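One structure is given below, encoded as C-alpha cells.
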Amino acid sequence: MFNLILFGPPGSGKGTQSDKLVEKYGLIHLSTGNLLRQEIADKTPLGLEAKSFMDKGQLVPDEVVIGMVDSYFDHHKDTKGFLFDGFPRTVAQAEALDKLLKLKKTEIAAVLALEVSEEELVKRLLNRGKTSGRSDDTNEAVIRKRFAVYSNETTPVAEHYRKARKFQSVKGEGSVDHIFSSVCEAIDKKMRLPRV
Ligand code: B4P
C-alpha cells in the first residue's frame with residue numbers, strides 16, 4: 001500500500017489537490033472534513049455533535065474522528081492506498097493512525113504540507129464561503145479561530161512526522177495545476193516511478 005497525508009492549514013488546497021491526486025494515483029480519498037459534512041447532511045447524532053464544533057472553528061473531538069476513520073477503513077479493505085486529507089489534525093490522531101496502519105501491516109509513506117500565507121488563506125476561505133454554503137467559511141472571526149487551532153493543535157503533527165523523516169513542504173501558492181505538478185513530483189520520487 002502507498003499511504004499519503006496531504007497536510008496544511010484550512011484553505012491551503014488539500015481538498016482541491018486531493019481530488020486530482022486520487023484520480024491520478026488510484027488512492028482512496030479519506031477526507032475527515034467531507035465525512036463530517038456528510039454526517040451533518042444526514043442529520044446523524046455524530047453529525048449533530050460535529051456541527052457544534054465545526055461552526056465555532058473548533059476541532060471535532062479525537063475519539064469521534066478516530067472512530068469514523070476506523071469504520072471507513074473497515075469499508076475499504078482492499079485498496080492500493082489511502083490519501084488522507086485533513087487527517088490527522090492532532091498528535092493523538094496521528095498516533096491512532098500509526099496504530100491502525102500497523103494493524104494493516106502498512107505505514108505512512110509521506111506527508112506533503114502545502115505552504116500558503118495566512119492572508120491568502122483568509123481570501124480563499126471567504127471566497128469559498130460565498131458559494132459553498134459552509135457556515136465555517138463565512139465569518140472571518142471563525143476562520144481566524146481555525147488558524148489558531150491549527151497553530152496550537154495541528155502544527156505539532158508536523159513534528160511527529162518530521163521525527164519519522166516523512167515530512168516535506170510544497171509551495172501551495174500559484175495555479176492549481178502548478179501546485180499539482182509539484183505535489184506529483186514529490187510523490188513520484190517517493191514511489192520511485194518515472195514522471196508521467
Ligand atoms: P476540512 O474539510 O478539512 O477543510 P479545510 O481545511 O477548510 O480546507 P482545504 O485545505 O481542504 O481547502 P480547499 O482545497 O477546499 O475541515 C473543515 C472542518 O472540519 C475543520 O475546521 C474541523 O472543524 C473539522 N475537521 C475536519 N477534519 C478533522 C479532524 N481530523 N479532526 C477534527 N476536526 C476535523 O481550498 C479552499 C479554497 O481555496 C477553495 O475555494 C479552493 O477553490 C481555493 N483554492 C484551492 N487551491 C487554490 C489555488 N492554488 N489558488 C487559489 N485558490 C485555491
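Predicted, not measured: the structure shown is a model, and the values here were computed from it. All residue numbers in this chain count up from 1 along the given sequence. Below, all heavy atoms of this structure are taken into account, side chains as well, without hydrogens, waters or symmetry copies. Both ligands and their constituent atoms are indexed starting at 1 by order of listing.
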List every atom of ligand 1 that sits less than 4.0 Å from any heavy atom of [X], numbering the atoms from 1 in the order shown and giving each element.
{"X": "Pro9", "answer": "10 (O)"}
{"X": "Ile179", "answer": "49 (N)"}
{"X": "Gly174", "answer": "48 (C), 49 (N), 50 (N)"}
{"X": "Gly86", "answer": "27 (N), 28 (C), 29 (C), 30 (N)"}
{"X": "Gln58", "answer": "22 (C), 23 (O)"}
{"X": "Arg146", "answer": "7 (O), 21 (O)"}
{"X": "Phe87", "answer": "30 (N)"}
{"X": "Ser12", "answer": "10 (O)"}

Within the distance-only criterion (no hydrogens, no angle test), does the side chain of Arg165 pair as donor or acceptor with the backbone N or O of Arg162 below 3.5 angstrom?
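No: the side chain of Arg165 does not pair with the backbone of Arg162.
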Hey, is the main chain of Ile40 close enough, under 3.5 Å, to the side chain of Thr44 for a donor-acceptor pair?
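Pair absent, no side-chain N/O of Thr44 close to backbone of Ile40.
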Non-hydrogen atoms of [X] versus ligand 1: any pair closer than 4.0 Å?
{"X": "Ser31", "result": "no"}
{"X": "Gln17", "result": "no"}
{"X": "Gly11", "result": "yes"}
{"X": "Val176", "result": "yes"}

Within a reach of under 6.0 Å around NE2 of His76, are more than 12 heavy atoms found that belong to other residues, nucleotides or ligands?
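For His76, atom NE2 is crowded (more than 12 foreign heavy atoms under 6.0 Å).
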State plainly whether the residues [X] and [Y] are in salt-bridge range, i.e. N to O under 4.0 Å.
{"X": "Glu107", "Y": "Lys166", "answer": "yes"}
{"X": "Arg124", "Y": "Glu120", "answer": "yes"}
{"X": "Asp137", "Y": "Arg128", "answer": "yes"}
{"X": "Glu140", "Y": "Arg144", "answer": "yes"}

Scan side-chain atoms only and decide if Glu115 and Ser169 contain a donor-acceptor pair under the 3.5 Å cut-off.
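The criterion, which ignores hydrogens and geometry beyond distance, is satisfied for Ser169 and Glu115.
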Distance-only polar pair, side chains of Asn34 and His29, donor-acceptor under 3.5 Å
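The answer is no; no qualifying pair exists.
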Determine, considering heavy atoms only, which of [options] sits nearest to [atom].
{"atom": "atom 31 (N) of ligand 1", "options": "Arg37, Gln93, Lys123", "result": "Gln93"}
{"atom": "atom 11 (O) of ligand 1", "options": "Gly57, Gly33, Gly15", "result": "Gly15"}
{"atom": "atom 20 (C) of ligand 1", "options": "Glu153, Lys145, Arg134, Arg89", "result": "Arg89"}

For [atom], closest protein heavy-atom neighbour:
{"atom": "atom 27 (N) of ligand 1", "value": "Thr32 OG1, 2.7 Å"}
{"atom": "atom 42 (O) of ligand 1", "value": "Thr16 OG1, 4.2 Å"}
{"atom": "atom 33 (N) of ligand 1", "value": "Val60 N, 3.1 Å"}
{"atom": "atom 10 (O) of ligand 1", "value": "Lys14 NZ, 2.9 Å"}
{"atom": "atom 36 (C) of ligand 1", "value": "Arg128 NH1, 3.4 Å"}
{"atom": "atom 25 (N) of ligand 1", "value": "Leu36 CD1, 3.6 Å"}
{"atom": "atom 19 (O) of ligand 1", "value": "Met54 CE, 3.2 Å"}
{"atom": "atom 43 (C) of ligand 1", "value": "Arg124 CD, 4.0 Å"}

Cationic tip of Lys104 above Phe73 ring, under 6.0 Å, 45° of axis:
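Flagged: Lys104 positioned over aromatic ring of Phe73.
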Taking the six-membered ring of Phe180 as reference, does the NZ or CZ atom of Lys20 fall below 6.0 Å from its centre and within a 45° cone about the axis?
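The answer is yes; both the distance and angle limits are met.
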Atom pair CD1/NZ of Ile108 and Lys190 - distance to nearest 0.5 Å
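Ile108 atom CD1 to Lys190 atom NZ measures 11.5 Å (nearest 0.5 Å).
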With sequence neighbours left out, write down each residue that passes side chain to side chain donor-acceptor pair (under 3.5 Å) with Asp74, or none if nothing qualifies.
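Once residues adjacent in sequence are excluded, Asp74 has no partner under the side chain to side chain donor-acceptor pair (under 3.5 Å) criterion.
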